[in-house]
Amino acid sequence: FYHMDLYGSKERFDIFPEEPSCQEERSLGDTRRESAESASSSEKFQHSQEAGYDLEKEVAELAKMYGLDEDREKELELLGRHVESRWPPARTEKAGSQGSVYTASKSSSPVKDQSQSTKKQGLPSEASQDEDQSKARAEDEAESPIWSKEGLSSGSVSDEWNSQAVSEEEEAADVFCCTCKTPIRAFDKLFGEHKDHEVAQLPSAVESEKEETHKNMCKLEEQIAQLENFASHLEEIFITVEENFGRQEQNFEVHYNDAVQVLAQKYEEQLEALGEEKRQKLETLYGQLVSCGEHLDTCKELTDTTQELCRENDKANFMKTFFFPYNYRLGEFLKKEVNLELSTLPDFEERHIDFSEVEQLMNSINTIPAPCAPVISPQAPNAATGTSLRVCWGLFSDDTVEYYQLCYKPVSNERHSDEQAEHTLKVKETYCTISNLLPNTQYEFWASALNASGISPPSEREVYVTAPSPPIIKTKKILSCENAALVCWESGDINPVDSYMVELSKLTDEENGDTVTESIVGIPNCEVLIHLQPRQSYHICVRALNLGGSSERSEPVLIHTTGTYFCLNEDTAHPLLAILDDGFTIACDQLENPECDLPVYDNSFTRCIGILGSLIPFPGKHYWEVEVEEDTEYRIGVAFENTPRHAYLGANNSSWCMRHIITPSRHKYEFLHSGMTPDIRITLPPRRIGILLHYENCRLSFFNADIAQHLYTFNSHFQHYVHPCFALETPGILRIHSGIAVPPWAAL
């Protein structure tokens, strides 16, 4: 026999608590009255305690002998004394248990000898047994807390170190991997597995997700509003079904009281069928109401959860928690279509009992009242075109209706608006599409219900509006450069519209010219500045919008972003200057009397036979070319909007130009600003002149485009945007070429 503590570890003292002392005293009292065999067993217990005490010393000697203490010190030095290792105590316990077995086997014979000697000497006194057992219990209680405390402290330190390491790793995430959809460290982007992935700043990714969440919440709020309205409508239908059933039952009772003996059997059958129909309707509506309530609860739950997630301050935790499970759930939920159609109608089937013997009686008592007034629904968004409207209404009662009478007329702000012609339509359904209307015009509608007994009162009047007409793009006022375009248009309607929408179609080949690649909405005015990509071609269309919907597309215009494109402003042209059909060639036939009596616009040149091009309102580089004839005298350059119309170009501080004059000896070229020019001689007369305007560098350069020769550069700070300007001083022609990319030699 060996005691259990020789085989088990010291933690087992916590698992197997000792018996109370009162039980021990009672057992000792019993042993005095028992035989000598029980006394020998108590002596064995006493010797086992002494063997346990010797076991601790032997375990310590074994640990020192095998170098376990040195291994523990080395491990603590490697770990930096942050965490106590658990395996040396485990090995010690294992060695201790083995040592216990060894020691127990060695001490087995002395225990037997002592037990035999005890039998010869008799039972020990009661006081000595109490003292031995209390001493053994005190040693056990003193050793077990030490082991449990050591294991607890080691585990807590290890858990704390692990939690600190995890928190430091989470806090280190400062960017968001768009490919893997997870927060990462910037170090992982540079050298880790996310090196080739697309990343974004964590705050911007969080803001983007919050914007998406806000949009989804708006959708949820819309669904909640729709579901709440639909639920209230279902409740009204419940009440209507009950009222209709009561009215039908009363109708049967009133109409069949005089013929009850003849129609008793048929009456019961009809009433039972009506009750069954009522039950089916109510069950169907109840099931739909329960489904609607469940969907509504889910919407509110998602809304509350989304609001709690948006309050999360930890951005990385927000992305991890929200992006994958919750955002996926929210997206899947929003993809589900909500059925907002009634599963059954509140109206009951008309049930007639056709008996020839009571036909006369039925006709005499079957009096149908005139119907109630219908209710016209408000106009639904995007339910109109430029020439048609779809009008809907309803009748919230079970009155018998043979047809409806729909009336409408245009709304006018004039005093005699009542004199507008009214139109009347006869309709069987509760909806109607009216055609041949005026675009962007308001119409008021009202309806009445009719049956054999008469006509109902008219409904309240509701105003509908048709969609606008397509806008008209002003092709001659379109300006463009390599990265932007200014598009102007005019409304096709007399009445104002709410806003405009511009649609861009990027042309990569001939097949996808009608595919809209970008839309710009909410434009309040009739012009817009659009940022485009260089060296591309675009089809641009404009739509007008109001409450009724959007208009058809305008006629598309083609814009190329290869260079700066402008038009000539005819309002600034001198009366003797003609613009040919292509719109970019100017000509003058006679110069005998520049100050002639021809009609002159307020903005036209009166002394210089010139013209201005469109304003160039885009920063950056702008290049165009002018094709000239060798025997033509001209002026070309740029000018401010307010350059004097009664002066020559280049003779003031608001214009810069290159002038060509033919003298008896040579071709003379001047570069004029404020009437002054440098002394420059050009040996080869240019036939094609390139002009490069650079707003940022404050330069205006002229080139001989045929031979890529630089002629002259003005260095001047342009306080405002400028217009290209052109003038003829002798009869001749100037051909202007815009929309040209800046040549490499001009950029250099």
Pair H197, C178 - check side chain to side chain contact (heavy atoms under 4.5 Å, CB included), show working. CA-CA 7 Å; H197 294 182; C178 301; over 6 Å; no
Should L202 and P183 count as side-chain neighbours, where that means a heavy-atom distance under 4.5 Å? yes
Which atom pair, heavy atoms only, marks the closest approach of P371 to V401? CB-CG2, 4.0 Å
Under 3.5 Å, is there a donor-acceptor pair between the side chain of S499 and the main chain of G522? no
Minimal heavy-atom distance between L547 and V465, with the atoms involved, is CB-CG1, 3.9 Å
State whether the side chain of S459 and the backbone N or O of A373 hold a donor-acceptor pair below 3.5 Å, judged by distance alone. no
Are any non-hydrogen side-chain atoms of V528 and V542 less than 4.5 angstrom apart? no
Can you name the nearest heavy-atom pair linking S554 to P471, along with the distance? CB-O, 3.0 Å
Starting from the C-alpha separation in whole Å, work towards a yes-or-no answer on ring pair (Phe, Tyr, Trp, His ring centres under 6.0 Å) for W489 and Y500. CA-CA 10 Å; W489 61 87; Y500 295 93; 5.5 Å; yes
For E283, I'd like to know if atom CD has over 12 heavy atoms of other residues, nucleotides or ligands within 6.0 Å. yes
Measure the spacing between CD1 of I376 and CG of L406 and express it to the nearest 0.5 Å. 6.0 Å
Parallel, tilted or perpendicular, as decided by the 30° and 60° cut-offs, for the rings of H423 and Y408: parallel
Is the number of heavy atoms from other residues, nucleotides or ligands within 6.0 Å of CD (Q307) greater than 12? yes
In plain terms, say whether E211 and K215 are close enough for a salt bridge, that is, a side-chain N and a carboxylate O under 4.0 Å apart. no
K426 to Y403 six-membered ring, cation-pi geometry met (6.0 Å, 45°): yes
Do L389 and Q379 make a side-chain contact, defined as non-hydrogen atoms from C-beta onward lying under 4.5 Å apart? yes
Answer yes or no for R390 and Y431: cation-pi contact, defined as NZ/CZ to six-membered ring centre under 6.0 Å and angle to ring axis within 45°. yes
Quick check against the 3.5 Å criterion: does Q288 have a side-chain atom that pairs as donor or acceptor with the backbone of E341? yes
Walk me through whether M501 and L545 qualify under side chain to side chain contact (heavy atoms under 4.5 Å, CB included). CA-CA 7 Å; M501 177 174 63; L545 293 89; 3.6 Å; yes
Which heavy atom of I540 sits nearest to which heavy atom of I473, and what is that distance? O-CD1, 3.7 Å
Measuring only between side-chain heavy atoms, which start at C-beta, is Q405 closer than 4.5 Å to L450? yes
One should read off an interatomic distance between I559 CD1 and S537 OG, to the nearest 0.5 angstrom, of 10.0 Å
Nearest 0.5 angstrom please: R461 CZ to C407 SG, how far? 8.5 Å
Could you check whether any side-chain N or O of R543 sits under 3.5 Å from a backbone N or O of S550, counting only pairs where one atom can act as donor and the other as acceptor? no
Minimum side-chain heavy-atom gap L220-L302 below 4.5 Å: yes
Taking K281 for its side chain and K278 for its backbone only, find out whether a donor-acceptor pair lies under 3.5 Å. no
Does atom CD (E460) have a neighbourhood of more than 12 heavy atoms from anything else shown, all under 6.0 Å? no
Check this for me: N436, atom CG, are more than 12 non-hydrogen atoms of other residues, nucleotides or ligands nearer than 6.0 Å? no
Enter the distance from H539:NE2 to E503:CD here, rounded to the nearest 0.5 Å. 13.0 Å
L558 and L507: CA distance, side-chain angles, deciding distance, side chain to side chain contact (heavy atoms under 4.5 Å, CB included) verdict: CA-CA 10 Å; L558 181 62; L507 303 179; 3.4 Å; yes
Under 6.0 Å from the CD atom of E272, do we count more than 12 heavy atoms belonging to anything else shown? no
Within 6.0 Å of NE2 in H214, more than 12 heavy atoms from elsewhere: no
Do I530 and I520 have side chains that get closer than 4.5 Å, going by heavy atoms? yes
Is a side-chain donor or acceptor of S551 paired with a backbone partner of A544 at a separation under 3.5 angstrom? yes
Are any non-hydrogen side-chain atoms of I523 and V521 less than 4.5 angstrom apart? no
If I take atom CD from residue E228 and atom CD1 from residue I224, how far apart are they, to the nearest 0.5 angstrom? 6.5 Å
Checking T430 against L395 for the side chain to side chain contact (heavy atoms under 4.5 Å, CB included) test, could you report, in this order, the C-alpha distance in whole Å, the side-chain angles of both residues, the deciding distance, and whether it holds? CA-CA 8 Å; T430 57; L395 189 68; 5.9 Å; no
Distance-minimising heavy-atom pair for D498 and N546: OD2-CA, 3.1 Å
Return yes if some donor-acceptor pair links the side-chain N/O of S208 with the main-chain N/O of S204 below 3.5 Å, else return no. no
With rounding to the nearest 0.5 Å, note down the distance linking SG in C177 to CD in E193. 8.5 Å
Would you say the side-chain atoms of N495 pair up with the backbone N or O of N440, donor to acceptor, closer than 3.5 Å? yes
With no hydrogens and no angle check, is any side-chain donor or acceptor of T441 less than 3.5 Å from a backbone partner on P439? yes
Under 3.5 Å: donor-acceptor pair, side chain of Y443, backbone of E462: no
What are the two closest non-hydrogen atoms of I434 and F445, and how far apart are they? CD1-CE2, 3.7 Å
Got P374 and S456 here, is their nearest side-chain heavy-atom distance under 4.5 Å? yes
Pairing donors with acceptors under 3.5 angstrom, does anything connect the side chains of D493 and S469? yes
